[in-house]
Participant: 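One structure coming up, written as structure tokens, with questions to follow.
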Amino acid sequence: MARIANLLLALSVLCIMGMAKAGTITEIPSHNGDSIFIETSCKSTRYRTVCVQSLLPYAYKIQRRPLQMALEALSVSLSRTKSADSFVSNLVKHKDLKPREQQPIDDCLKLMGDSIDRLSKSVQELRGISGANDRDFLWHISNVQTWVSAALTDDDTCLDGLAALDGEVKDSIRTRVSNVAEVTSNALALVNQLAKTHLE
């Protein structure tokens, strides 16, 4: 009886493999309207793959709404900046850093603190923009563009300062801050796209 069951199982596997080769099994689509909207919107960003990967988990919230898309992008940027800041802070506590390593890392921490403040204000500003008239809308957007642009400059300045470091410490910090810079750049591009769309 066991031999018959095993034989049937083997035949079933072979049958499925044959159907797959013949192309008779239809793949379930991996995209819906919301994810396609995200992929299309991310074409306006510099780091498209990062944009799609970071925002697809929020497709159910974005729902093909440009304002919500920009808001989620800013929230991702804020979250990852906080995470990087926490990582570097813990690194400083547990690593025996040389004096020449300490200063650029302290500078980075200050810059990330400034970025967190600017991105937090940007999220709040964008949340209050719904229903605003054209003049107020553009004023709010201008504030967000200024703050996010400054946050991106903070990231770039931090990365430049890491040139004085070497080894594992430099690589671990650079990896995280580079990712923060990428999602922040994408968030700024989506905010700019939102402003452009509103003007059309």
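Counting from 1, the numbers follow the sequence of the chain as shown.
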Participant: Kindly give the heavy-atom pair with the smallest separation between Ser149 and Leu188, and that separation in Å.
Facilitator: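 Shortest heavy-atom contact: CA-CD2, 4.1 Å.
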Participant: Is the CZ atom of Phe87 crowded by more than 12 outside heavy atoms at less than 6.0 Å?
Facilitator: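 Enclosed: over 12 neighbouring heavy atoms sit under 6.0 Å from CZ of Phe87.
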Participant: Does Thr81 reach the side chain of Ser77, with side-chain heavy atoms less than 4.5 Å apart?
Facilitator: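 They are in contact (side-chain heavy atoms under 4.5 Å apart), so the answer is yes.
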Participant: To the nearest 0.5 angstrom, please state how far the CG atom of Asp107 sits from the CE atom of Met112.
Facilitator: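 Separation between the atoms: 11.0 Å.
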Participant: Please step through side chain to side chain contact (heavy atoms under 4.5 Å, CB included) for the pair Ser44 and Leu190, ending with a clear verdict.
Facilitator: CA-CA 7 Å; Ser44 67; Leu190 292 171; 4.0 Å; yes
Participant: Hey, what do you get for OG (Ser178) to CG (Leu162), rounding to the nearest 0.5 Å?
Facilitator: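 Reported to 0.5 Å precision, the distance equals 8.0 Å.
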Participant: Knowing that exactly one of Thr175, Asn179, Ile173 qualifies, which makes a side-chain contact (heavy atoms from CB on, under 4.5 Å) with Val177?
Facilitator: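 Looking at Thr175, Asn179, Ile173, the match for Val177 under the side-chain contact (heavy atoms from CB on, under 4.5 Å) is Ile173.
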Participant: Run the side chain to side chain contact (heavy atoms under 4.5 Å, CB included) check on Gln145 and Ile141 step by step: do they pass?
Facilitator: CA-CA 6 Å; Gln145 288 171 318; Ile141 283 288; 3.7 Å; yes
Participant: Tell me which pairs pass salt bridge (charged side-chain N to carboxylate O under 4.0 Å, His left out) where either residue lies in residues 110-134, with sequence neighbours left out.
Facilitator: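 Residue pairs with at least one partner in residues 110-134: Lys110-Asp114, Arg118-Asp154.
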Participant: Is the shortest side-chain heavy-atom distance between Val144 and Ile129 below 4.5 Å?
Facilitator: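 Sidechains of Ile129 and Val144: no contact.
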Participant: Looking only at heavy atoms, what is the nearest atom pair of Ala84 and Arg176, with distance?
Facilitator: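 Residues Ala84 and Arg176, closest heavy atoms: CB-CB, 4.3 Å.
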Participant: Let me know which of Lys61, Arg64, Arg65, Gln63 forms a side-chain hydrogen bond (donor to acceptor under 3.5 Å, both in side chains) with Asp34.
Facilitator: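 Answer to the side-chain hydrogen bond (donor to acceptor under 3.5 Å, both in side chains) test with Asp34 among Lys61, Arg64, Arg65, Gln63: Arg64.
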Participant: Are Asp155 and Leu111 side-chain neighbours, meaning at least one heavy-atom pair lies under 4.5 Å?
Facilitator: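 Heavy-atom side-chain distance check fails, nothing below 4.5 Å.
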Participant: In the structure I gave you, are the side-chain heavy atoms of Ser54 and Asn186 within less than 4.5 Å of one another anywhere?
Facilitator: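 No, their side chains stay 4.5 Å or more apart.
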Participant: Roughly how far, to the nearest 0.5 Å, is OG of Ser35 from CD1 of Ile62?
Facilitator: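 Separation between the atoms: 10.5 Å.
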Participant: Measuring from Arg46:CZ to Cys51:SG, what's the distance to the nearest 0.5 Å?
Facilitator: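 So the gap between those two atoms works out to 14.0 Å.
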Participant: Return the minimal non-hydrogen interatomic distance between Val123 and Leu78, and the atom names on each side.
Facilitator: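 Heavy atoms only, the tightest pair is CG2-CD2, 4.3 Å.
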Participant: Does one hydrophobic cluster hold both Val180 and Val169, with members joined at side-chain heavy-atom distances below 4.5 Å?
Facilitator: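 No, separate clusters.
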Participant: Check the hydrophobic clustering (I, L, V, M, F, W, Y; side-chain heavy atoms under 4.5 Å; chains of links allowed) and say if Leu119 and Leu194 are grouped together.
Facilitator: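 In one cluster with Leu119: Leu194, yes.
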Participant: According to the ring-ring contact (aromatic ring centres under 6.0 Å, His included) rule, which pairs have a member within residues 121-175, sequence neighbours left out?
Facilitator: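 Output for this query lists Phe137-His198.
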Participant: Specify the closest pair of heavy atoms between Met69 and Ser41, including all atoms of both residues, with the distance to one decimal.
Facilitator: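 Closest pair (atom of Met69, atom of Ser41, distance): CE-CB, 3.3 Å.
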Participant: Looking at Gln193, is its backbone amide N or carbonyl O close enough to the side chain of Thr197 to form a donor-acceptor pair, meaning the two atoms are under 3.5 Å apart?
Facilitator: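 Yes, the answer is positive, given that a donor and an acceptor are paired below the 3.5 Å cut-off.
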Participant: State, yes or no, whether a side-chain contact exists between Ser185 and Thr45 at a heavy-atom distance under 4.5 Å.
Facilitator: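 Answer no - side chains too far apart.
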Participant: Is there side-chain contact between Leu165 and Ile105, with at least one heavy-atom pair below 4.5 Å?
Facilitator: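 Leu165 reaches Ile105 side chain to side chain.
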Participant: Has the side chain of Asn90 got a donor or acceptor atom that lies under 3.5 Å from a matching backbone atom of Lys93?
Facilitator: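 Looks like no, no N/O pair under 3.5 Å.
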Participant: Taking all atoms of both residues into account, what is the closest heavy-atom pair of Pro104 and Ala164, and its distance?
Facilitator: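 Nearest heavy atoms, Pro104 then Ala164: CG-CB, 4.4 Å.
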Participant: Can you name the closest pair of heavy atoms from Ala181 and Leu152 and give their distance?
Facilitator: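 Scanning both residues completely, I find the closest heavy atoms to be O-CD1, 3.4 Å.
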Participant: Counting C-beta onward and ignoring hydrogens, is there a side-chain heavy-atom pair between Ser122 and Leu126 closer than 4.5 Å?
Facilitator: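 No; the side chains remain at least 4.5 Å from each other.
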Participant: What's the separation between atom CD in Gln68 and atom OG in Ser75, rounded to the nearest 0.5 Å?
Facilitator: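 Here the rounded value is 8.0 Å.
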Participant: OG/Ser120 to CG/Leu74 distance, rounded to the nearest 0.5 angstrom?
Facilitator: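 Answer for the OG-CG pair, Ser120 versus Leu74, is 10.5 Å.
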Participant: Report yes if some heavy atom in the side chain of Val92 is under 4.5 Å from a heavy atom in the side chain of Gln102; otherwise report no.
Facilitator: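 They are in side-chain contact.
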